[in-house]
Amino acid sequence: MTKTRALIEKLNREKQLEQEEWIFLLKNSDSEDAEFLFSLARKIAKQQFGNRIYTRGLIEFTNYCRNNCFYCGIRRDNRTVCRYRLTKEEILECCQAGYQLGFRTFVLQGGEDPFFTDEKMEEIVGVIRKGFPDCAITLSLGERSYESYRRLYEAGADRYLLRHETADASHYGMLHPPELSAENRKKCLFDLKEIGYQTGTGFMVGAPGQTPECLAEDLQFIRQLNPQMVGIGPFVPHHETPFAREKAGTLEQTLYLLGLLRVMLPSVLLPATTALGTIDKKGREKGILAGANVVMPNLSPVRVRKQYELYDNKICTGEEAAECRQCLSGRMEAIGYELAVDRGDYKEEKKNV
Ligand code: SAM
Ligand code: FES
């Protein structure tokens, strides 16, 4: 057995590795090692979730952002973006349409838009909670205060997605302007967990300046945080950002990391992301076959979809929600899985199945 495979087996037994071991795994793998990892990751995902794929309806409700992250297409300094905000009524219409299609989780995602104060967000979360009592509400609004997170949790939000982006402070500095820090990002994540949210973190694969050492730190940080969800997808350049001419992350590396995450955290909720579907036509299917168990189709009104362009050539910007749901359902069936009509909450690991 190769040393890489021996380390994958060790990860499967012990659910953690030393920094040097992670680095070795990240630097040394061939396609057979990757296949070995994927089949183990698939087996674990099947034990935990059967052949059911959870869906989350993504509502991109504002593309205003006060931040200036170097990688992101909706960064403040991109003056070519036509900015929009959905009204409470429009957000509710998205939920209504999504509910009828079988979505039982709504993800409200947006730039860090100061217009959406705690009061406004409490009201929006409150009406969704009241109108859709059997659904989960996930927020992805970036960095806010402990008090703000607490208020939104009290108002009825269940989950929060906030990728840590990179656990390495100096790499964080290469991706963000100086007013943003890895330290505060991590603090927000621990706050969210403490308050009681099902918490999701994650990072971009192949972000400029990312090394195997950074990725090893990311995996160690994720092990330490022990989140309920992990969102990873390839970095994809956007033409109106400082990273316009950087290379995109690869399919192979993203799949490999999905596999490692599934083995490390057997019951974690792990999406095959839209970015993965953007760099490869079958990216989401391949993500599922590497251990992912969630897809997040778009419920935003078609007229605003192109304006939420975090990176170039983002898929599904012309399709209605129903089309995306049907398309994904067909794609999942073609590889032996089915879309679940279920909140798809985090559950502790099933042992001995
Ligand atoms: N403002 C919220 C936040 O900061 O968490 C939510 C929106 S933010 C745009 C969502 C995620 O998009 C980020 O965490 C980042 O990882 C991802 N993203 C942004 N630009 C990207 C790019 N060029 N390629 C791939 N992913 C990107
Ligand atoms: Fe949107 Fe295929 S998932 S069109």
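Counting starts at 1 for both ligands and their atoms, in listed order. All values below come from the heavy atoms of this structure, side chains included, with hydrogens, waters and symmetry mates left out. For clarity, every value in this text was computed on a predicted model and none was experimentally measured.
- Put simply, no part of Ala207 is less than 4.0 Å from ligand 1, judged by heavy atoms.
- Between Glu309 and Lys314, no side-chain nitrogen of the basic residue sits less than 4.0 Å from a carboxylate oxygen of the acidic one, so the salt-bridge criterion is not met.
- Closest protein heavy atom to atom 3 (S) of ligand 2: Arg284 NH1, 3.2 Å.
- Ring pair Phe221/His164 is tilted by interplanar angle, where 30° to 60° counts as tilted.
- A donor-acceptor pair shorter than 3.5 Å cannot be found between the side chains of Tyr172 and Ser181.
- Lys187 forms no cation-pi arrangement with Tyr146, by the criterion of a distance under 6.0 Å to the ring centre and an angle within 45° of the ring axis.
- Per-residue contacts place Ser140 under 4.0 angstrom from the following atoms of ligand 1 (heavy atoms of the residue considered): 6 (C).
- Note that Lys120 lies in the cation-pi zone of Phe115, set by a 6.0 Å cut-off to the ring centre and a 45° limit from the axis.
- Heavy atoms of Glu143 found under 4.0 angstrom from ligand 1: none, in either backbone or side chain.
- Distance from atom 2 (Fe) of ligand 2 to its nearest protein heavy atom, with residue and atom name: Cys327 SG, 2.2 Å.
- Annotation for ligand 1: atoms under 4.0 Å from non-hydrogen atoms of Tyr308 are 7 (C).
- Taking only non-hydrogen atoms, the option from Ala275, Gly233, Pro234 nearest to atom 25 (C) of ligand 1 is Pro234.
- Near Leu328, meaning under 4.0 Å from any of its heavy atoms, are these atoms of ligand 2: 3 (S).
- Ring-plane geometry between Tyr99 and Phe132 is classed as tilted, the angle between the planes lying from 30 to 60 degrees on a 0 to 90 degree scale.
- Nearest to atom 7 (C) of ligand 1 by heavy atom, out of Gly110, Gly142, Gly111, is Gly110.
- Assignment of Glu319 to the shell around ligand 2 is supported, since a heavy atom sits closer than 4.0 Å.
- Not a single heavy atom of His238 sits under 4.0 Å from any atom of ligand 1.
- Between Arg151 and Glu119 a salt bridge is recorded (basic side-chain N to carboxylate O distance below 4.0 Å).
- Using a 4.0 Å cut-off between charged side-chain N and carboxylate O, Arg144 and Asp118 make a salt bridge.
- At least one heavy atom of Arg185 sits under 4.0 Å from some atom of ligand 1.
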